[in-house]
Amino acid sequence: MYNAQEIEEKWRKYWKEHPELFRFDQKDTKKPVFSIDTPPPFTNGELHMGQIFWVSYIDAIARYKKMRGENVLCPVGWDAHGFPTELAVEKKYGRNLGREEFYKRCVELSNENIKKMRDQMLQLGFVFDEKYEYQTTAPSYTKKVQLSVLQMHEKGLIYRSAHPVEWCVRCGTGMSREEAVEKEEVSYLNYISFEVAGEEKGKKEERASITIATSRPELLHACVAVAVNPTDKKYKIFIGRSAKLPLFEREVPIIGDDAVEKEYGTGAEMVCTFGDKRDIALYYKHKLQLIEAIDESGRLKNAFEFDGLTIQKARDAVVAKLEKEKLLKKREKIKHIIKVHDRDDSPLEFISSMQWFMKTKDNAEKIKRTAKEIKWIPESTRQRLEDWANFIEWDYNFSRNRVFGTPIPFWRCEKCDYILPADKGKLPINTLDERPPSEKCPKCGSKVIGEKEVFDGWVDTGITPMVIAGWPDDTTLYKRAFPNSIRIQGTDIVRTWAFYTIYRTAMLTGNKPFENIIVNGMIRGTDGREMHKRYGNGIFLPNLVPKYPIDAIRLWVALSVGLGKDKIFSYMEMDYAKSFLTKLYNTAKFVEMALAQGKAQKEEPHKYLNVFDIWILNRLNDVVKEVTESYDGFVLYDAMNKLTNFYWHEFADYYIENIKHRVYSEDKKMEKSKDAALFTLRYVLEASLQMLAPVVPHLAEEINSMFNKKGSIFEQKMPEYHELGSGQDYVINGLIQKSEMEIDASSIGTFLNLVIGEVRKEKAKNRIALNHEITSININVPDEYISAVLASQDELKNILKAKEITAKKGKEFSVSIKI
RNA sequence: GGGUCCAUCGUCCAGUGGUUAAGACGCUAGCCUUACACGCUUGAGACCGGAGUUCGAUUCUCCGUGGACCCACCA
């Protein structure tokens with residue numbers, strides 16, 4: 001085994017000292033630009049498996065493109081804003097820091113974390129462009145986020161509206177989705193009777209009623225509709241009429257909606273503002289009235305005699321009164337799942353308040369159309385985006401009640417919510433610290449205030465393709481690098497990062513954000529479950545290094561099939577990758593040693609190539625075709641699968657074995673043949689190395705340096721495929737050559753290897769060593785190969801260590817040996 | 001409930017309208033072969049079930065079964 005750590009360190013250092021190898025050359029205007037958008041990791045201090053995956057994957061693509069002569073722009077970014085950082089700072093410094101001080105401490109902590117994560121990226125061999133590194137907390141980045149939102153405001157895409165948010169009544173704060181966790185609870189389903197109001201025209205009928213079932217009777221005062229399934233025979237005649245609320249003197253419409261299950265409860269439900277997410281959906285869909293049911297401390301409001309009661313007390317009181325008035329038909333014990341705050345387990349309520357929105361719902365079609373212009377790798381992952389776009393229930397609420405986030409660059413009227421945008425020339429800005437353009441609301445004359453809430457993190461990261469293309473200042477770069485060439489990201493954030501990025505760039509630029517998107521699945525733990533703290537099944541870089549070389553990790557990533565679907569982590573596959581590297585290193589050592597045996601390479605030794613030499617060169621040519629096609633489609637699996645199999649099982653197992661006798665020969669007559677073998681050995685090794693280099697860069701550099709004393713393998717070009725006209729043709733250094741032998745070397749080489757394989761089998765059957773000399777070999781050869789076998793008799797004798805070889809024409813191919 | 005993906009040796013994982021169905025780990029038998037015993041050679045070992053399309057299906061279609069994931073819901 002080679003010393004991986006030493007080699008890795010050496011080449012990491014070399015790349016650092018030669019940044020020009022990978023740096024984007026902005027002055028160059030000839031080479032095509034290849035720009036890469038990578039997911040800015042959230043700065044929590046350690047790269048997780050998903051990040052190890054994409055870093056390895058995209059770095060290989062970047063290095064490949066570089067070797068294809070493209071001008072590669074590969075920045076890396078950091079998504080620093082976020083709640084976990086706030087929590088950590090709160091834990092360390094308490095809750096009493098002022099806003100500015102608190103923000104500063106958060107930046108400090110994320111900077112520490114960025115340093116750690118950056119080191120791990122470099123450890124993986126990632127050669128990103130430091131010059132283009134970005135961080136969402138940097139003022140220059142804040143400026144861009146704010147500008148992009150101000151431009152969206154100009155386009156009429158930003159507005160404020162009342163919207164229910166999940167609210168912890170105990171803590172008195174709003175929740176984001178990830179803090180709301182599910183919990184099972186035992187409750188009661190209450191059957192309450194509503195009288196149907198009015199009469200059908202010209203028809204006297206009995207008084208009709210609808211019984212609804214609810215687990216939230218205390219919200220009866222905020223009931224704004226009764227909903228039934230439109231196909232339900234029992235109720236459909238009531239749709240369009242009204243129902244009288246029990247206990248309260250009010251009528252609400254009876255609406256039809258598919259969301260109502262005919263079988264659940266009574267098949268009728270009341271819609272309150274707001275009991276649960278269903279209510280919210282129906283409220284928006286049917287444009288219902290809004291009655292605020294609960295205040296921020298969890299007490300009822302707009303409930304007349306029940307005002308001020310806590311939820312639990314109100315529930316008891318309402319049920320008691322319904323019972324008394326004989327309006328409660330029955331109560332049924334149920335188990336159901338409710339949302340609770342992850343920190344204190346208390347039930348969350350929906351409280352309606354004024355929120356900031358971006359118009360996504362009406363733009364769903366445009367988002368889908370833009371998504372179709374992008375090549376999704378694999379194609380099936382686009383479905384996730386479509387599904388999400390098809391299911392938008394309401395617009396994107398982008399404000400968060402937090403401190404550590406990008407400030408929202410608007411003031412607003414305290415009373416009428418009129419929006420005053422910041423001056424685009426004065427960014428970045430925090431409207432809490434600055435005077436508004438007008439002290440009084442231009443609309444109603446009331447007081448204008450700065451915005452305390454901050455942007456959701458996806459607002460920061462939704463413009464990365466524009467940012468790395470130099471938007472808005474560098475218009476030259478922007479023209480060349482936007483849309484970006486490619487993005488890589490995980491399946492888990494298709495409906496967030498991909499969705500918002502496509503939305504934002506489509507709205508702001510009218511264009512797609514990138515040409516290609518690679519969507520990789522999640523790497524699961526060895527137990528098959530998602531890697532998660534609470535399962536303790538996470539695997540991080542320090543768990544793998546130094547047991548595995550970095551190149552083995554990278555090769556494992558490339559050989560992890562099935563982009564788009566989840567992958568269970570496997571040490572077995574990692575071991576395979578490691579074995580391949582050992583093999584690669586040992587073959588290189590062999591070639592090095594072999595070259596030392598020969599004299600200086602004669603000019604054009606390839607003129608003396610024999611059938612095995614041409615066979616392996618032609619196989620190489622085939623592999624070059626497959627590998628470059630796979631790289632060009634960004635599918636590393638196919639490239640590495642083909643290449644590693646070729647290298648190991650054709651080049652090492654057959655070719656090297658077949659030419660050993662030539663390499664070791666000291667016979668003068670063999671000199672030219674020896675030179676030809678040495679030439680071919682080196683040629684195939686170097687070409688394979690060039691194709692392997694993007695994925696296993698450290699070892700590739702090391703081996704390259706064994707043969708080329710100066711420079712980096714990344715200054716070399718990828719080998720190119722050439723279509724061959726006949727079996728006599730072969731490719732050397734991009735030129736098609738013609739062998740003087742009038743044979744089809746590819747098919748004869750393949751046949752001779754078959755013969756060699758059969759002899760190996762016979763030797764194994766007879767339990768003798770492969771190098772054991774045997775008396776004779778008899779071969780029955782099909783017509784078309786007989787002359788080739790006879791011509792290669794001496795060669796075969798040497799390869800197979802046989803004193804004599806006899807070949808006869810025979811219908812059935814067969815091989816027998818005499819020991 | 002809606003959707004997406006998937007089902008191949010004991011395990012992992014390729015591939016194909018006609019193949020001798022590849023490779024890895026493990027297992028078998030041998031080989032210390034002047035690059036590699038972390039290796040090499042050899043052997044055993046697989047297309048979820050049903051129907052359809054077809055001359056022919058592991059491959060295409062449908063149904064079923066099983067699994068993974070996403071979304072929605074549990075009034």
Side-chain angles (χ1 to χ4, degrees), chain A residues 1-2 182 184-185 187 189-192 212-217 219 223 226-228 257-261 263-272 275-279 281-282 334-338 378 380-388 390-391 393 491-492 494-495 521-522 524 528-530 559-562 564-594 597 637-638 641-642 644-645 648-649 652-653 656-657 660 663-664 681 756-757 759-772 801:
Chain A
M1 185 61 199
Y2 66 100
E182 295 187 337
E184 197 176 64
E185 188 199 55
S187 179
L189 202 53
N190 302 277
Y191 289 72
I192 304 169
I212 60 97
T214 181
S215 63
R216 303 293 305 271
L219 297 179
C223 172
V226 168
V228 298
D257 197 290
D258 294 337
V260 183
E261 287 285 341
E263 316 303 328
Y264 191 90
T266 63
E269 68 177 291
M270 67 169 182
V271 182
C272 308
D276 58 22
K277 245 185 132 176
R278 252 175 111 77
D279 288 341
L282 291 172
I334 52 160
K335 266 188 200 165
H336 66 172
I337 287 160
I338 57 163
S380 60
T381 52
R382 201 188 72 222
Q383 192 64 38
R384 281 176 192 260
L385 197 280
E386 291 232 357
D387 286 351
W388 187 251
N390 285 337
F391 214 81
E393 284 174 310
T491 47
D492 55 335
V494 167
R495 59 173 211 268
M522 304 291 101
R524 298 168 159 270
R529 296 188 294 182
E530 257 177 84
L559 286 171
S560 290
V561 283
K565 56 179 184 182
D566 289 359
K567 164 94 193 158
I568 294 171
F569 183 87
S570 152
Y571 283 103
M572 191 175 99
E573 290 166 24
M574 195 72 90
D575 285 333
Y576 173 77
K578 189 176 160 182
S579 310
F580 177 80
L581 297 179
T582 307
K583 192 75 191 177
L584 177 61
Y585 182 71
N586 283 318
T587 49
K589 268 198 343 200
F590 171 78
V591 176
E592 186 185 34
M593 180 275 294
Q597 304 254 326
Y637 176 82
D638 289 341
N641 189 31
K642 299 266 162 55
T644 54
N645 278 324
W648 198 329
H649 302 297
D653 289 350
I656 288 184
E657 293 305 323
K660 270 184 177 168
V663 169
Y664 295 129
L681 265 181
I756 292 164
V759 174
R760 285 175 180 172
K761 269 184 214 174
E762 290 300 315
K763 284 190 170 181
K765 264 185 208 162
N766 289 289
R767 303 185 171 199
I768 53 176
L770 292 179
N771 66 340
H772 188 276
K801 304 271 187 308

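So you know, we letter chains A, B, ... as the sequences are listed, proteins then strands, and number each from 1.
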- Looking for any heavy atom pair under 4.0 Å, which part of the strands does D279(A) touch: base, sugar-phosphate only, or nothing? nothing

- Please check if the side chain of K801(A) supplies one atom and the backbone of N771(A) the other of a donor-acceptor pair under 3.5 Å. no

- Task: In whole angstrom, give the distance that lies between atom OH of Y571(A) and atom C1' of C38(B).
- Result: 18 Å

- Message: On the nucleotide A72(B), are OP1 or OP2 found under 4.0 Å from the side-chain N or O atoms that K277(A) carries?
- Response: yes

- Query: Can you list the steps and then say if D276(A) with D279(A) is a side-chain contact (heavy atoms from CB on, under 4.5 Å)?
  - Reply: CA-CA 5 Å; D276(A) 58 22; D279(A) 288 341; 3.5 Å; yes

- Select base, sugar-phosphate, or nothing to describe what D653(A) touches, counting heavy atoms under 4.0 Å on all strands. sugar-phosphate

- Task: Assign K765(A) to base, sugar-phosphate, or nothing according to its heavy-atom contacts below 4.0 angstrom with the strands shown.
- Result: nothing

- Message: Please tell me if H772(A) has a side-chain N or O lying less than 4.0 Å from either OP1 or OP2 of C31(B).
- Response: no

- Task: Measure from the side chain of E530(A), starting at C-beta and using heavy atoms only, and say which of U42(B), C70(B), G23(B) lies closest.
- Result: C70(B)

- Query: Among C13(B), C12(B), C74(B), which nucleotide sits nearest the side chain of R278(A)?
  - Reply: C74(B)

- Query: Whole Å only: how far is the OH atom of Y576(A) from the P atom of G26(B)?
  - Reply: 14 Å

- May I have the distance from K583(A) (atom NZ) to G23(B) (atom P), rounded to whole angstrom? 15 Å

- Task: Among the candidates C13(B), C38(B), U42(B), find the nucleotide nearest to the side-chain atoms of T582(A).
- Result: C38(B)

- Task: Between C69(B) and A35(B), how far apart are the C1' atoms? Round to whole Å, please.
- Result: 46 Å

- Are E657(A) and D653(A) side-chain neighbours, meaning at least one heavy-atom pair lies under 4.5 Å? no

- Along RNA chain B (nearest heavy atom to each residue), the more 5'-positioned of K761(A) and R524(A): K761(A)

- Message: Could you check whether any side-chain N or O of N190(A) sits under 3.5 Å from a backbone N or O of T214(A), counting only pairs where one atom can act as donor and the other as acceptor?
- Response: yes

- Message: If I pick the C1' atom on C70(B) and the same atom on A37(B), what distance separates them, to the nearest angstrom?
- Response: 48 Å

- Take atom P in U33(B) and the same atom in U20(B), then report the distance between them in whole Å. 37 Å

- Task: Using the closest heavy atom to pick a nucleotide of RNA chain B for each, name whichever of K578(A) or Y264(A) lands nearer the 5' end.
- Result: K578(A)

- Query: Expressed in whole Å, how much space separates the C1' atoms belonging to G49(B) and U58(B)?
  - Reply: 14 Å

- Query: Between L219(A) and G275(A), what is the shortest heavy-atom contact and its length?
  - Reply: CD1-CA, 3.5 Å

- Is it true that atom NE2 of H772(A) has more than 12 heavy atoms of other residues, nucleotides or ligands lying nearer than 6.0 Å? no

- Task: Begin from the C-alpha positions of T644(A) and W648(A) and carry the test side-chain contact (heavy atoms from CB on, under 4.5 Å) through to its verdict.
- Result: CA-CA 6 Å; T644(A) 54; W648(A) 198 329; 5.9 Å; no

- Pick base, sugar-phosphate or nothing for A652(A), based on heavy-atom distances below 4.0 Å to the nucleic acid. base

- Query: Should L559(A) and E573(A) be marked as a side-chain contact (heavy atoms from CB on, under 4.5 Å) after you check the CA-CA gap, both sets of side-chain angles, and the distance that decides it?
  - Reply: CA-CA 8 Å; L559(A) 286 171; E573(A) 290 166 24; over 6 Å; no

- Within the structure shown, what part of the strands sits under 4.0 Å from I334(A) by heavy-atom distance: base, sugar-phosphate, or nothing? sugar-phosphate

- Message: Nearest to the L770(A) side chain among U41(B), C31(B), A75(B), which nucleotide is it?
- Response: U41(B)

- Same-atom distance (P) from G43(B) to G30(B), integer angstrom: 15 Å

- Mind checking the P distance from C12(B) to U19(B)? Whole angstroms is fine. 27 Å

- Picking from C13(B), A75(B), A35(B), the nucleotide nearest the side-chain atoms of K567(A) would be C13(B)

- Query: Heavy atoms under 4.0 Å, any strand shown: does N771(A) hit a base, just sugar-phosphate, or nothing?
  - Reply: sugar-phosphate

- Task: Considering only atom C1', compute the distance from G64(B) to C6(B) and round it to an integer number of Å.
- Result: 16 Å

- Closest to the D566(A) side chain, choosing from A68(B), C74(B), A35(B): A68(B)

- Note on the structure: By the Watson-Crick or G-U definition, both distances under 3.5 Å, C62(B) is matched with G50(B)

- Message: Over all strands shown, is M593(A) touching base, sugar-phosphate only, or nothing at heavy-atom distances under 4.0 angstrom?
- Response: sugar-phosphate

- Task: Working to the nearest 0.5 Å, report the span between CD1 of I338(A) and OG of S215(A).
- Result: 9.5 Å

- Query: What is the per-nucleotide protein-contact pattern of nucleotides 1-10 of chain B, from the 5' end, where B denotes a base atom under 4.0 Å from a protein heavy atom, S denotes such proximity for sugar-phosphate atoms only, and - denotes neither?
  - Reply: --SSS-----

- Nearest-neighbour nucleotide for the R767(A) side chain, C70(B), C40(B), A29(B) considered: A29(B)

- Message: Between D257(A) and A259(A) (side chain of the first, backbone of the second, donor and acceptor by atom type, cut-off under 3.5 Å), is there such a pair?
- Response: yes

- Message: Please determine whether side-chain contact (heavy atoms from CB on, under 4.5 Å) holds for the pair V494(A) and W388(A), giving the CA-CA distance in whole Å, both sets of side-chain angles, and the decisive distance to 0.1 Å.
- Response: CA-CA 9 Å; V494(A) 167; W388(A) 187 251; over 6 Å; no

- Message: Under 4.0 Å from OP1 or OP2 of A14(B): is there any side-chain N or O of K642(A) that close?
- Response: no

- Task: Using Watson-Crick or G-U wobble geometry with both distances below 3.5 Å, tell me the partner of G18(B), or none.
- Result: C55(B)

- Quick one: is C71(B) close enough that its OP1 or OP2 comes under 4.0 Å of any side-chain N or O from R495(A)? yes

- Pair assignment for C69(B), Watson-Crick or G-U wobble, requiring both distances under 3.5 Å: G3(B)

- To the nearest Å, how far apart are I212(A) CD1 and A75(B) C1'? 8 Å

- Task: Using a heavy-atom cut-off of under 4.0 Å over every strand shown, decide if T587(A) touches base, sugar-phosphate, or nothing.
- Result: base

- If the C1' atom of U42(B) is compared with that of A68(B), how far apart are they to the nearest Å? 38 Å

- Item | Check: N586(A) side chain, K589(A) main-chain N or O, donor-acceptor pair, under 3.5 Å | no

- Would you kindly give the CZ-to-C1' distance between R760(A) and U33(B), to the nearest whole Å? 11 Å

- Mark this stacking check for Y585(A) against C36(B) as yes or no, applying ring centres under 5.5 Å and ring planes under 30°. no

- Out of A75(B), C40(B), A35(B), which nucleotide sits closest to the side chain of W648(A)? C40(B)

- Note on the structure: Rounded to whole Å, CD of E657(A) lies from P of U42(B) at a distance of 12 Å

- Task: Please determine, for the side chain of K589(A), which listed nucleotide (A35(B), A24(B), C13(B)) has the closest atom?
- Result: A35(B)

- Could you please name the partner base of A37(B), counting Watson-Crick and G-U wobble pairs only when both distances are under 3.5 Å? none

- Query: Between U33(B) and K763(A), is there an OP1 or OP2 to side-chain N/O distance shorter than 4.0 Å?
  - Reply: no

- Using a cut-off of 4.0 Å on non-hydrogen atoms, how would the nucleic acid contact of A769(A) be classed: base, sugar-phosphate, or nothing? sugar-phosphate

- Among U34(B), A75(B), C25(B), which nucleotide sits nearest the side chain of Y664(A)? U34(B)

